[in-house]
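Take a look at the structure below.
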Amino acid sequence: MNRKKVIIDCDPGIDDSLAIMLALASPELDVCGITVTAGNAPLQMGIGNAGKVLDFCGRTDIPVYAGADAPLEKEYVNALDTHGADGLGESFLPVPETFAPQSLPAEEFLAQTLKKGDVSVIALGPLTNLAKLIRRDPAAFAGIDTLVSMGGNFRSHGNCSPVAEYNYWEDPDAAALVYDTLGAQGGKITMVGLDVTRRIVLTPTMLSYIMRLDPKTGEFIRKITKFYMDFHWQWEHIIGCVINDPLAVAAFLEPDLVSGFDAYTAIQTDGIARGMSVADAMRFYRRPANARVCTDVDVRRFWHLFLFRILHMPDEQLDLIDPILSGEVQP
Ligand code: RIB
Ligand code: CA
């Protein structure tokens, strides 16, 4: 199999962790490194959480690199209210004693690795590490084979302001530099934003099925998502939790699992619309498209991929997905 080399840039983070699990369960991917940025959790906490997930997956061979501990310009604001005091749903799992990040800084690893070409990046947090790479070595950034970002939103309302999604709100200057540089270099990012990730809800019913499929992995997922489910009920009266980041991995694995349109997209850096991703769907600005803006997703296909890859769902149970998603109990 011709495996695709990929770097996962993330801020673990509950849904980042589920995304890492999906990537590691996908044989067509060669995860050559994980770079961590401050975001959901402060940098060192995020690094430790990456170590916890890699240890659970039996993949402590994958190197973890320390990236940015704060946004380019703005003050760092964490999302521990959503991800818990430990950044992993207050599961309070121990950091493996043998785990340690690499000494090489993330931006150096990114520069060295990406300039070789044919390496992709799946970005699951604020884009600070990629922005620092651009400042350091724009040619290496141009060398990214495929870039997918969980971030932004088109018609869906924001999740940390009326108009902005957290990753792009947290470091809007970084997001703006990445999108502007893509435009200047003729590149394109797949923006897996809230319009599609809000459709991916881990419900109690789905979690119950996951725990039956694989009690060990199910218990790990239950532990790290309980806090997240409580948060979603408290703030949005959702029964379950939106798992944003795994969809970015799924979109990388199967690009036609999501659909949308290509457009010039810019990120607002300041003011009331800070972090807003402005996608020029009607081509008012007549600028070349620098983003593939995702607006629809095959939800059933996502869950088939997620359950099959991580939980080894048997093919003969494929028909269970629809009633689980719909909540209807089959007679
Ligand atoms: O807005 C959701 C995104 O912000 C997800 O990537 C979540 O992990 C946080 O980083
Ligand atoms: Ca994330």
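Read the numbers this way: they start at 1 and go in the same order the structure lists the ligands and their atoms. Along the sequence shown, the residues carry numbers beginning at 1.
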Between the side chain of Asp55 and the main-chain N/O of Pro96, is any donor-acceptor distance below 3.5 Å?
no

Counting distance only, does the side-chain N/O of Lys74 pair as donor-acceptor with the main-chain N or O of Thr269 below 3.5 Å?
yes

Kindly indicate, with the supporting measurements, whether the criterion ring pair (Phe, Tyr, Trp, His ring centres under 6.0 Å) is fulfilled by His83 and Tyr228.
CA-CA 6 Å; His83 291 259; Tyr228 207 33; 5.3 Å; yes

Should Asn40 and Thr82 be marked as a side-chain contact (heavy atoms from CB on, under 4.5 Å) after you check the CA-CA gap, both sets of side-chain angles, and the distance that decides it?
CA-CA 8 Å; Asn40 289 319; Thr82 309; 5.9 Å; no

The Ca ion (ligand 2) is nearest to which N, O or S atom of Asp11?
OD1

If I take the Ca ion (ligand 2) as the centre, what angle separates the OD2 atom of Asp16 from the OD2 atom of Asp245? Nearest 10 degrees is fine.
80°

Ligand 1 N/O within reach of Asn244 N/O, cut-off under 3.5 Å:
no

For Tyr179 and Tyr264, run ring pair (Phe, Tyr, Trp, His ring centres under 6.0 Å): C-alpha distance rounded to whole Å, both residues' side-chain angles, the deciding distance at 0.1 Å, then the answer.
CA-CA 9 Å; Tyr179 277 74; Tyr264 166 70; 9.3 Å; no

Using atom types as modelled and distance alone, determine if a side-chain donor or acceptor of Ser120 lies under 3.5 Å from a backbone N or O of Thr146.
yes

Among all protein heavy atoms, pick the one closest to atom 9 (C) of ligand 1 and tell me residue, atom and distance.
Asn40 OD1, 3.1 Å

With atoms numbered from 1 as shown, which atoms in ligand 1 lie under 4.0 angstrom from a non-hydrogen atom of Asp16?
8 (O)

How far is atom 1 (O) of ligand 1 from its nearest protein heavy atom, and which residue and atom name does that atom have?
Glu165 OE2, 2.6 Å

Could you list which atoms of ligand 1 come closer than 4.0 Å to a heavy atom of Asn167?
3 (C), 4 (O), 5 (C), 6 (O), 9 (C), 10 (O)

Region of Asn159 that comes within reach of ligand 1 [heavy atoms, distance under 4.0 Å]
side chain

Give the atom numbers and elements of ligand 1 that come within less than 4.0 Å of a heavy atom of Met150.
2 (C), 3 (C), 5 (C), 6 (O)

Identify, for atom 6 (O) of ligand 1, the protein heavy atom at the shortest distance, and state residue, atom and that distance.
Asp245 OD1, 2.6 Å

Cation-pi check, Lys52 to Phe220: give yes when NZ or CZ is under 6.0 Å from the six-membered ring centre and within 45° of the ring axis, no otherwise.
no

Would Tyr168 and Ser149 satisfy side chain to side chain donor-acceptor pair (under 3.5 Å), going step by step from the backbone distance to the final call?
CA-CA 10 Å; Tyr168 292 3; Ser149 163; 2.6 Å; yes

Flag Leu124 as yes when one of its N or O atoms lies below 3.5 Å from any N or O atom of ligand 1, and as no otherwise.
yes

Should you measure from each heavy atom of Asp15, which atoms of ligand 1 turn up under 4.0 Å away?
5 (C), 6 (O), 7 (C), 8 (O)

So, for Phe227 and Phe92, is the gap between ring centers shorter than 6.0 Å?
no

Let me check your reading of the structure: within less than 3.0 Å of the Ca ion (ligand 2), is there an N/O/S atom from Leu124?
yes

